[in-house]
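Whatever order the structure lists ligands and atoms in, that order sets their numbers, starting from 1.
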Amino acid sequence: VSIPWNRLLAERTAWIRPSLLVDFERLPSSADLILFSGGAPPLECLPVERIAGALAEAWHAEPEALWYGESQGHEPLRVLIAERMRQRGAAVEPDEVIITNGSQQGIDLIARLLLEPGDRVIVEAPTYFGALQVFEPFDARISTVPVDEHGMVIEALERELASAPRPKLIYTVPTFQNPTGVTLDPERRAALVALAERYGVPIVEDDPYGELWFDRPPPPPLRALHPDVLYLGTFSKTLAPGLRIGWLVAPRRLMKLLVDAKEGADIQADRLLQRALARVLEGAWFERHLEAARANYRERCALLLRCLERELAGLATWTAPGGGFFVWGTLPDGVDTDALLVECARQGVAYIPGSAFYPDRAPRPSFRLGFTTLSPAELEEGIARLGRAIRAAVQPSLA
Ligand code: PMP
């Protein structure tokens with residue numbers, strides 16, 4: 001007898017979906033496919049020595065790291081995180097911080113606390129697909145609010161808040177958004193927080209990129225405007241994504257539930273790593289590391305924008321982000337970037353198609369370009385290839 005898995009699987013498994021509907025493995029590929037799909041710091045910029053040194057120090061000085069304990073997270077690390085958030089204008093105390101396995105887990109813990117089957121969740125359109133991967137299996141009904149070059153469109157948000165049933169939460173990436181790179185401007189930040197308060201709907205502010213600005217710091221986090229904002233931070237983009245260390249700032253009213261939910265999920269974040277990270281954050285090294293990362297990404301993004309101007313002016317539009325990892329391109333209405341990706345791959349270049357960032361996953365004329373992992377030569381060559389593929393598809397007569 002074999003196990004009848006098809007009959008046994010929970011209904012929610014229908015909503016457990018891959019982050020991307022594109023199977024990059026199955027694209028027609030030349031050996032040197034240039035991938036604009038990345039959303040991580042480049043391998044050669046990971047601070048291996050600093051992290052290895054801090055781990056070695058923690059390993060010897062704090063052997064209790066190998067025990068169970070502290071589901072809320074290592075207190076000295078929470079103190080340092082709260083301090084950094086205060087420097088960015090948000091009055092956060094260490095007991096309002098819980099350390100998570102990346103901000104992805106923070107989204108999941110919030111969903112566990114708040115979502116009943118059928119609850120409405122408001123997200124941006126487009127939004128971070130990993131948030132959809134959390135909300136959908138909770139059987140949430142996803143409502144979308146469009147994003148323009150100043151971030152979430154507030155009038156559309158108000159319409160969603162006013163329509164029944166009342167949404168359970170607003171999930172937003174207000175700063176150097178994934179996938180568009182746009183930042184919610186200060187007036188809209190104030191309006192968003194005021195609306196959330198008026199309708200009694202919590203905001204989940206996901207902020208992996210806020211410290212990775214190019215020329216000037218972004219406006220303070222939404223959490224600076226209201227203590228009920230649930231704020232998600234991470235070291236995935238500033239240090240390394242494989243560490244899986246992030247944090248969630250939440251009102252004290254929720255902290256016990258969150259800590260118990262965290263314990264139920266995975267007991268605790270890696271205690272040795274948390275101690276190592278506390279050492280990494282102390283002193284001036286981390287700030288110098290951030291400065292170098294900002295300069296690096298500023299250069300790569302500027303080069304990408306110059307290449308786009310050269311190859312795609314008049315054919316596409318794109319965002320000009322002030323920080324973060326992504327540029328969002330838009331082709332004329334009716335272009336299907338899922339289909340176009342196959343042609344691009346033949347030319348040796350790949351992006352993430354817009355469809356991945358919308359709950360309905362329907363084909364869109366948009367695409368996301370991540371620039372952090374590509375060298376200048378790859379950026380130049382990749383966009384030249386993209387230009388050829390797009391010209392062939394959008395203006396066949398000019399190809
Ligand atoms: N939120 C957003 C908006 C992201 O872009 C990412 C990383 N792609 C995450 C969350 C997940 O980050 P972490 O590695 O901290 O779980």
> For Gln104, is at least one N or O under 3.5 Å away from an N or O on ligand 1?
Replying inline: yes
>> Among Phe371, Tyr128, Tyr297, Phe36, which residue satisfies the ring-ring contact (aromatic ring centres under 6.0 Å, His included) criterion with Phe325?
In response: Tyr297
> Is any NZ, NE, NH1 or NH2 atom of the basic residue among Glu160 and Arg166 found under 4.0 Å from an Asp or Glu carboxylate oxygen of the other?
Replying inline: no
>> Classify the ring geometry of Tyr171 against Phe135: parallel below 30°, tilted from 30° to 60°, perpendicular beyond 60°.
In response: perpendicular
> Which is it for Glu62 and Arg279 under the side chain to side chain contact (heavy atoms under 4.5 Å, CB included) test, yes or no, and what are the steps along the way?
Replying inline: CA-CA 12 Å; Glu62 301 171 274; Arg279 290 164 189 270; 3.0 Å; yes
> Tell me, do Leu232 and Asp207 make a side-chain contact under 4.5 Å, heavy atoms counted?
Replying inline: no
>> List ligand 1 atoms under 4.0 Å from Val173, heavy atoms only on the residue side.
In response: 3 (C)
> Just heavy atoms, cut-off under 4.0 Å: does Tyr209 contact ligand 1 by side chain, backbone, both, or neither?
Replying inline: side chain
> For atom 9 (C) of ligand 1, what is the nearest protein heavy atom, given as residue, atom name and distance?
Replying inline: Tyr128 OH, 3.3 Å
> Can you tell which part of Gln105 has a heavy atom less than 4.0 Å from ligand 1: side chain, backbone, both or neither?
Replying inline: neither
>> Using a 4.0 Å cut-off to any heavy atom of Thr234, which atoms of ligand 1 qualify?
In response: 13 (P), 15 (O)
>> Within the 4.5 Å heavy-atom criterion, are Thr183 and Arg189 side-chain neighbours or not?
In response: yes
> Which class fits the ring pair Trp247 and Phe235: parallel under 30°, tilted 30 to 60°, perpendicular over 60°?
Replying inline: tilted
> ligand 1 versus Ser103, non-hydrogen atoms closer than 4.0 Å: side chain, backbone, both, neither?
Replying inline: both
> Counting heavy atoms only, which part of Arg244 comes closer than 4.0 Å to ligand 1: side chain, backbone, both or neither?
Replying inline: side chain
> Taking the non-hydrogen atoms of Pro208, is any one of them nearer than 4.0 angstrom to ligand 1?
Replying inline: yes
> What heavy-atom pair brings Asn178 and Phe357 nearest, and what distance separates the two atoms?
Replying inline: OD1-CE2, 4.0 Å
> At a 4.0 Å threshold, what atoms of ligand 1 neighbour a non-hydrogen atom of Lys237?
Replying inline: 7 (C), 8 (N)
> Taking atom 14 (O) of ligand 1 as the point of reference, which of Gly246, Gly370, Ser236 owns the nearest heavy atom?
Replying inline: Ser236
> Tell me: protein heavy atom nearest atom 3 (C) of ligand 1, and distance?
Replying inline: Asp206 OD2, 3.4 Å
